[in-house]
Amino acid sequence: MKALEGIKVLDFTHVQSGPTCTQLLAWFGADVIKVERPGVGDATRKQLVDVPGADSLYFTMLNHNKRSIELNSKNETGKEVLTRLIEICDVMVENFAPGALDRMGFSWERIQEINPRIILASIKGFGPGKYEDCKVYENVAQCAGGSASTTGFHDGPPLVTGAQVGDSGTGLHLCLGIVTALYQRESSGRGQKVSAAMQDGVLNLARVKLRDQQRLARGPLTEYSQHGEGIPFGEATPRAGNDSGGGQPGRILKCRGWETDPNAYTYFITQAAAWTQVCEVIGEPEWKTKEGYATPPERLDKLNEIFERIEQWTMTKTKFEVMEICNPRNIPVGPILSMKELMEDEGLRETGTIVDVEHPERGTYVSVGCPIKLSDSPVDVIRSPLLGEHTQEVLAGDLGYRGDDLMRVLESGAVGDVNKEAAE
Ligand code: CAO
């Protein structure tokens, strides 16, 4: 028994934000039926192709454990099939451009008419307001949600991050909204509309920077390196380089091998409680009690000197040796791990966070498995579906189309090239 067993999801999502959400629902046990445009499918199937003729990693890594049906939702018979899918599904998820679902003839009012128990979950770039009609991609969301203005160094331009906080982050938010709405349906008996805007999701993840915006009105942000360096603050939360966001001074420091290895670095936090241990480890025991060094406020204008000294030490060790030495002493450090190292990490493979997946077109590829572990609902990662792989199965098995009725749909141009002889 899986946590969401018995829940059927009409997955009308594409690209990254929506598919990350429905992939999680599928991993939790929901039956996810991905509806794709005939002959084309989700645009990511053919984006960043690395194996000619095969679905891309972009698609396969975001669409595990789903079924795929080809369906033209603008064709009359296609609309009929979509209506029947809405009738049998508990949840419908979409991340089309604003208004696209209405233009197809499936407004929230119409969807509720078809199935009052259905939960309609939507991702858009922006919530209601002046930007509500905009199409939005990851980096636009990172910029509009406050992440970019607070990422980077204070003397450099805004930066976007590698973590897809706009797309995958909003997919996570939406997923939580869906399971919450499913829970409320238990008592209300009704579905509801769940909306997650990418700007809102990014801002939620950048919450501590809005905290700092308000603190700034009351005085300088003393834990920012910029303060210790005597650089005045402007009106808005500045970019803080690699400073730690929690008020404890932290930096990324070079480790042994940095000259040739771009990831031979460690994160190092000089947490107040670990200061004496830091002084011991780096060979500056007198700093424990020395005036100007002994307490966190005294150290603020010396952070560059202090971290340079710590770096002299970290440069004599590998990033893993730094961790082995510092961890037992409660000094918070973390190696900068490359994607190559993560992909080969045995611990992550044992927990199913990194998995090998077999695919008929591409052979074996590596993917990120489900990052959320439920003790009573284990996840088996199943390869993504080929385009339209389950069209016939869904039409006949789930929707009950049979005989002439099935032939009518297959010949209507609403679905892709299904083997009609086999269907007969
Ligand atoms: N059958 C028939 N038509 C279909 C269809 C199907 N199965 N699936 C989609 N379509 C149609 C849509 O109805 C739409 O038609 P109209 O323009 O006539 O309404 C058309 O395909 C294009 O859909 P779209 O506008 O959503 O796609 P796009 O590539 O132009 O824009 C994106 C992509 C992501 C910018 C936009 O969908 C969007 O802003 N989504 C919301 C925010 C979001 O999720 N962004 C993150 C994406 S991941 O980086």
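In what follows, residues are counted from 1 in the order of the sequence shown.
The structure places CZ of Arg408 at 5.5 Å from OG1 of Thr77, a figure rounded to the nearest 0.5 Å. From Trp258, atom CH2 reaches atom OG1 of Thr314 across 11.0 Å, with rounding to the nearest 0.5 Å. Here CD1 of Ile178 is found 10.0 Å from CG of Leu4. Values are rounded to the nearest 0.5 Å. Rounding to the nearest 0.5 Å gives a distance of 9.0 Å between CG of Leu85 and NZ of Lys8. To the nearest 0.5 angstrom, Lys66 atom NZ is 12.5 Å from Asp31 atom CG. In this structure, NZ on Lys124 lies 13.0 Å from SG on Cys134, to the nearest 0.5 angstrom.
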Exercise for the section: Apply side-chain hydrogen bond (donor to acceptor under 3.5 Å, both in side chains) to Gln213 and Thr237, showing your working. Expected result: CA-CA 5 Å; Gln213 179 64 45; Thr237 307; 3.2 Å; yes
Exercise for the section: Mind running side-chain contact (heavy atoms from CB on, under 4.5 Å) on Glu223 and Ser244 for me, showing each step along the way? Expected result: CA-CA 9 Å; Glu223 79 283 10; Ser244 130; over 6 Å; no
Exercise for the section: Show the numbers, then the answer: is there a side-chain contact (heavy atoms from CB on, under 4.5 Å) between Cys143 and Val160? Expected result: CA-CA 7 Å; Cys143 293; Val160 294; 4.3 Å; yes
Exercise for the section: Check the pair Ser147, Lys209 against side-chain hydrogen bond (donor to acceptor under 3.5 Å, both in side chains), reporting the backbone distance first and the verdict last. Expected result: CA-CA 8 Å; Ser147 174; Lys209 299 297 178 181; over 6 Å; no
Practice task
Test side-chain hydrogen bond (donor to acceptor under 3.5 Å, both in side chains) on Lys34 and Thr22 and set out the steps.
Solution key: CA-CA 9 Å; Lys34 186 168 173 106; Thr22 49; over 6 Å; no
Exercise for the section: Go through the steps to decide whether Trp27 and Ile372 satisfy the test side-chain contact (heavy atoms from CB on, under 4.5 Å), and finish with yes or no. Expected result: CA-CA 9 Å; Trp27 278 338; Ile372 304 164; over 6 Å; no
Handout entry: Derivation and outcome, salt bridge (Lys or Arg N to Asp or Glu O under 4.0 Å), residues Lys254 and Glu308
Key = CA-CA 10 Å; Lys254 291 170 183 157; Glu308 271 166 31; over 6 Å; no
Exercise for the section: Carefully, step by step, assess Gln23 and Asn65 under the rule side-chain contact (heavy atoms from CB on, under 4.5 Å). Expected result: CA-CA 7 Å; Gln23 178 168 259; Asn65 296 57; over 6 Å; no
Exercise for the section: Show the numbers, then the answer: is there a side-chain hydrogen bond (donor to acceptor under 3.5 Å, both in side chains) between Asn330 and Gln277? Expected result: CA-CA 8 Å; Asn330 284 332; Gln277 292 289 344; over 6 Å; no
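Other residues, nucleotides and ligands contribute over 12 non-hydrogen atoms within 6.0 Å of the CG atom of Asp50. Heavy atoms from other residues, nucleotides or ligands lying under 6.0 Å from CZ of Arg190 number 12 at most. No more than 12 heavy-atom neighbours from other residues, nucleotides or ligands sit within 6.0 angstrom of CD on Glu235. Within a 6.0 Å sphere centred on CG of Asp404, heavy atoms belonging to other residues, nucleotides or ligands number 12 at most.
Taking the side chain as every heavy atom from C-beta outward, Leu57 and Ser367 never approach each other to under 4.5 Å. Taking the side chain as every heavy atom from C-beta outward, Thr60 and Arg383 never approach each other to under 4.5 Å. Using a 4.5 Å cut-off on side-chain heavy atoms (C-beta onward), Leu82 and Phe12 make contact. Inter-residue side-chain proximity for Thr353 and Lys373 is flagged as met; some heavy-atom pair is nearer than 4.5 Å. Leu120 places a side-chain heavy atom less than 4.5 Å from the side chain of Leu101. Residues Val15 and Thr44 are in side-chain contact: their nearest non-hydrogen atoms beyond the backbone lie under 4.5 Å apart. Taking 4.5 Å as the limit, every side-chain heavy atom of Asn95 sits out of range of all side-chain heavy atoms of Thr170. When side chains are defined from C-beta on, Thr266 does not count as touching Met323, because their heavy atoms never get closer than 4.5 Å.
Remark: the Thr270 side chain and the Arg299 side chain contain no N/O donor-acceptor pair separated by less than 3.5 Å. Thr364 and Asp356 share no donor-acceptor pair across their side chains, judged by distance under 3.5 Å alone. If you check the side chains of Glu138 and Gln16, you find no donor sitting under 3.5 Å from an acceptor.
Contact between Thr260 and Pro262 at its shortest, heavy atoms only, is O-CD, 3.5 Å. Between Leu221 and Pro238, the shortest heavy-atom contact is CD1-CD, 4.0 Å. In this structure, Cys255 and Val322 approach most closely via the heavy-atom pair SG-CG2, 4.1 Å. Across all non-hydrogen atoms, the minimal contact from Ser412 to Asn75 is O-ND2, 3.2 Å. Ala3 and Leu374 make their closest contact through CB-CD2, 3.9 Å (heavy atoms, listed as atom of the first residue, atom of the second, distance). The minimum heavy-atom distance linking Asp90 with Gly6 is given by the pair OD2-O, 3.7 Å.
Applying the ring pair (Phe, Tyr, Trp, His ring centres under 6.0 Å) definition to pairs two or more places apart or across chains, those involving residues 110-135 are Phe126-Tyr131.
Electrostatic pairing of Lys46 and Asp55 counts as a salt bridge here, judged by a charged N lying under 4.0 Å from a carboxylate O. Between Asp405 and Arg402 no salt bridge is recorded (no basic side-chain N to carboxylate O distance below 4.0 Å). Salt bridge status for Glu361 with Arg45: absent, with no side-chain N to carboxylate O gap under 4.0 Å. The pair Arg256-Glu321 counts as a salt bridge, with a side-chain nitrogen and a carboxylate oxygen less than 4.0 angstrom apart. The pair Glu113-Arg110 meets the salt-bridge criterion, with a side-chain N (NZ, NE, NH1 or NH2) lying under 4.0 Å from an Asp/Glu carboxylate O.
Using modelled atom types, no side-chain atom of Gln142 and backbone atom of Val202 make a donor-acceptor pair closer than 3.5 Å. Looking only at distances, no side-chain donor or acceptor of Gln192 sits under 3.5 Å from a matching main-chain atom of Ile119. A distance-only check finds a donor-acceptor pair linking the side chain of Glu36 to the backbone of Asp42 [under 3.5 Å]. Using a distance-only test at 3.5 Å, with no hydrogens or angles considered, a donor-acceptor pair links the side chain of Ser68 to the main chain of Gly388. Between the side chain of Asn115 and the backbone N or O of Ile86 there is at least one donor-acceptor pair closer than 3.5 Å. Here the side chain of Ser56 pairs no donor or acceptor atom with the backbone of Leu48 at under 3.5 angstrom. A donor-acceptor pair under 3.5 Å is formed between the side chain of Ser187 and the backbone N or O of Gln184. In this structure, Lys2 contributes its side chain and Val379 its backbone to no donor-acceptor pair below 3.5 Å.
Residues passing the ring pair (Phe, Tyr, Trp, His ring centres under 6.0 Å) test with Phe59, sequence neighbours excluded: none.
For the pair Arg84 and Tyr401, the distance from NZ or CZ to the six-membered ring centre is under 6.0 Å and the angle to the ring normal is within 45 degrees.
Aromatic ring pairs are classed by plane angle as parallel below 30°, tilted from 30° to 60° and perpendicular above 60°; the pair Tyr224 and Phe233 is perpendicular.
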